[in-house]
Amino acid sequence: MSGWNSIPDLGALVGEKVRLRGWIDGHRSSGRIGFIRLRDSGATVQLVVSRKAVDDPSWEVLQHAGQESTIAVTGTVAADPRSPGGVEVQVSSLALVHGAENYPITPKEHGAAFLMDNRHLWLRSSRQRAVLRIRSEVCHAIHDFHRERGYYLVDSPILTPAACEGTSTLFETPYFDHGSAYLSQSGQLYLEPAAAALGKVYCFGPTFRAEKSKTRRHLMEFWMVEPEAAFLDFEGLCELAEDFLVYLAGRVLENCGEPLAILERDASKLESIRRPFPRLRYAEAIDLLRRQGSGIEFGEDFGAPEETSITREFDRPVMVTHYPTSLKAFYMQPDADDPSLALALDVIAPEGYGEIIGGSQRIHDHDLLLSRLKAHDLPLDAFRWYLDIRRYGTFEHSGFGMGVERFVAWMAGVPHLRETIPYPRTMDRIYP
RNA sequence: UCCUCGGUAGCUCAACGGUAGAGCGUUCGGCUGUUAACCGAAAUGUUGGGGGUUCGAAUCCCUCCCGAGGAGCCA
């Protein structure tokens, strides 16, 4: 018999003999009967070990194998209302594959620092498994959304010659005879040329920011998805962002019921993510904040408290548009009616999860872009190829970026981004 | 970079100037349906490092190191 069964399949195998391999998630014994919560394939099932049903070596395994020991089991699947999940395995034999001793993460509470030191083991806990399953679903859904709409996946480079936006701090690394290379903080500048080749494109990969940010909403390394489309105007961009978030939330609701339940996430918060999202121009958002008692002035950017304050008035994400150009990146297209405003879009998630999407229509006029590069004191040599896009058949185009970890945090209802990526990179931690 | 809080057993914490403790985990024993089981017993400490005050410091002071939360910036 070569086949091993998988715990998620056991519900359909009641009454049948099965073989399982996995980890001891938890166990207890009670004289002549014992219970093991076995974990495999991201799921758990209760094993029932009766003294009279197994031989001595099997009984010894139950008595002495520590938490997270690996075991191999033969038994019969039974439906029993006393078992968590309603299904259990009545064990006929139990073999130790590897005995683990003194597993550090115990069933009681632990502090963040200890759990982060043991991130490689923390991943095994039910809460972390649930978050990682949601992340996996979100990543698959990101690809599906774009594929269904005719977007091509175009991978942008991670090693880049210069700042894409010229503002944030970059991670620097030596690069042969060329001096330094920098880890990418956005794929956008590389997507705009690709949009001239393939029309609708997107990239999805890791992004690096060397900002010295120590908050629950920041990571040094995070994943960003960035669609960019030729002949997409600002209104089209806003609709794309809405469709995207509604689609992703729908996929989480459709396929992540169990993880959401484990996380005790209020699904109604996700069900309310429907079109249309409220839209505020920057000036209207300033008015709203001032009505709420903020002392913010026109021309100032929003901090995290302002973002949260704006979304408190609504039950779904809020789109803020038409920012003053001084607050936004050099490549953003000015509004035709008021060139002091940029055709920029930020989508702010509710419940304090902050800005999850930032995007804009891009400047397509060569001379305007050139003057903006000069005004921002950016090295023209480094942007010559970028200007070429405006020199050879320029075209109206728009795109945005979405931070995957912030989105997953919002879906899962977890407060800290470090739980939404398998191995978080924070300012003071690069281990494990 | 700045502000706030913290560092005592493997973990979470108590003791706040006078003999360093509890719960959980671990080990051993008991118990035939446990859901973070329960009952009994045992082992476990350079109180983050250095310096100072004091008869006496985990406790007060200085300094360094480390961690957590937040600000700015962003996704």
What is the distance from [atom1] of [X] to [atom2] of [N], rounded to the nearest Å?
X: A/I105; N: B/rG25; atom1: CD1; atom2: C1'; answer: 13 Å
X: A/E307; N: B/rG70; atom1: CD; atom2: P; answer: 14 Å
X: A/I24; N: B/rU34; atom1: CD1; atom2: C1'; answer: 15 Å
X: A/K52; N: B/rG33; atom1: NZ; atom2: C1'; answer: 12 Å
X: A/Q67; N: B/rU34; atom1: CD; atom2: C1'; answer: 16 Å
X: A/I421; N: B/rA75; atom1: CD1; atom2: P; answer: 16 Å
X: A/L47; N: B/rU32; atom1: CG; atom2: P; answer: 20 Å
X: A/E211; N: B/rG70; atom1: CD; atom2: P; answer: 16 Å

Listed nucleotide nearest any side-chain atom of [X], set [options]:
X: A/D80; options: B/rA71, B/rG33, B/rU35; result: B/rG33
X: A/H218; options: B/rA75, B/rG33, B/rA71; result: B/rA75
X: A/R429; options: B/rA71, B/rG67, B/rG25; result: B/rG67
X: A/T215; options: B/rG33, B/rC11, B/rG70; result: B/rG70
X: A/M427; options: B/rU12, B/rU1, B/rC74; result: B/rU1
X: A/M224; options: B/rG67, B/rG72, B/rA75; result: B/rA75
X: A/L417; options: B/rA75, B/rG25, B/rU26; result: B/rA75
X: A/Q90; options: B/rC74, B/rG33, B/rU12; result: B/rG33

(message) Testing the 3.5 Å rule here: is there a donor-acceptor pair between the side chains of A/H397 and A/E192?
(response) yes

(request) Indicate whether the side chain of A/S83 and that of A/D80 have a donor and an acceptor atom separated by less than 3.5 Å. (result) no

For [N], give the paired nucleotide (Watson-Crick: N1-N3 plus N6-O4 or O6-N4; G-U: N1-O2 and O6-N3; both under 3.5 Å), or none.
N: B/rC38; result: B/rG30
N: B/rG69; result: B/rC3
N: B/rU8; result: none

(request) Report, as yes or no, whether the 6.0 Å neighbourhood of atom CD on A/E148 holds more than 12 heavy atoms from other residues, nucleotides or ligands. (result) yes

Report yes if at least one side-chain N or O of [X] is closer than 4.0 Å to OP1 or OP2 of [N]; otherwise report no.
X: A/R217; N: B/rA71; answer: yes
X: A/R216; N: B/rA68; answer: no
X: A/K212; N: B/rU1; answer: yes

Considering every strand and a 4.0 Å limit on heavy-atom distances, what is the contact class for [X]: base, sugar-phosphate, or nothing?
X: A/E88; value: base
X: A/F35; value: base
X: A/D428; value: sugar-phosphate
X: A/Q46; value: base
X: A/P84; value: base
X: A/G66; value: nothing
X: A/H27; value: nothing
X: A/R51; value: nothing
X: A/S29; value: base

(request) Kindly assign one of parallel, tilted or perpendicular to the pair A/F400 and A/F244, based on the angle between their ring planes and the thresholds 30° and 60°. (result) tilted

Give me the distance, rounded to whole Å, that separates [N] from [M] when you measure between the [atom1] atoms they each carry.
N: B/rU26; M: B/rA36; atom1: P; result: 15 Å
N: B/rU59; M: B/rG17; atom1: C1'; result: 7 Å
N: B/rA9; M: B/rU44; atom1: C1'; result: 6 Å
N: B/rG45; M: B/rU32; atom1: P; result: 36 Å
N: B/rA20; M: B/rU47; atom1: P; result: 11 Å
N: B/rU53; M: B/rC62; atom1: P; result: 15 Å
N: B/rG56; M: B/rG18; atom1: P; result: 15 Å
N: B/rG70; M: B/rU34; atom1: C1'; result: 44 Å

(request) In plain terms, say whether A/E258 and A/R129 are close enough for a salt bridge, that is, a side-chain N and a carboxylate O under 4.0 Å apart. (result) no

(request) Kindly say whether, by distance alone, the side chain of A/H110 makes a donor-acceptor pair under 3.5 Å with the base of B/rC11? (result) no

(request) Indicate, yes or no, whether a donor-acceptor pair under 3.5 Å links the base of B/rC24 to the side chain of A/T106. (result) no

(message) Would you say that A/Y103 contacts A/R124 through its side chain, given a criterion of any heavy-atom pair below 4.5 Å between the two side chains?
(response) yes

(request) Would you check, one step at a time, whether the test side-chain hydrogen bond (donor to acceptor under 3.5 Å, both in side chains) holds for A/R312 with A/Q292? (result) CA-CA 10 Å; A/R312 224 181 339 255; A/Q292 289 173 336; 5.6 Å; no

(message) Suppose we call two aromatic rings close when their centres sit under 6.0 Å apart. Are A/W385 and A/Y190 close by that rule?
(response) yes

(message) Do A/R290 and A/F298 form a cation-pi contact, if we require the NZ or CZ to be under 6.0 Å from the six-membered ring centre and within 45 degrees of the ring's axis?
(response) no

(request) Nearest-nucleotide wise, let me know which of A/R406 and A/E101 is further upstream toward the 5' end of RNA chain B. (result) A/E101

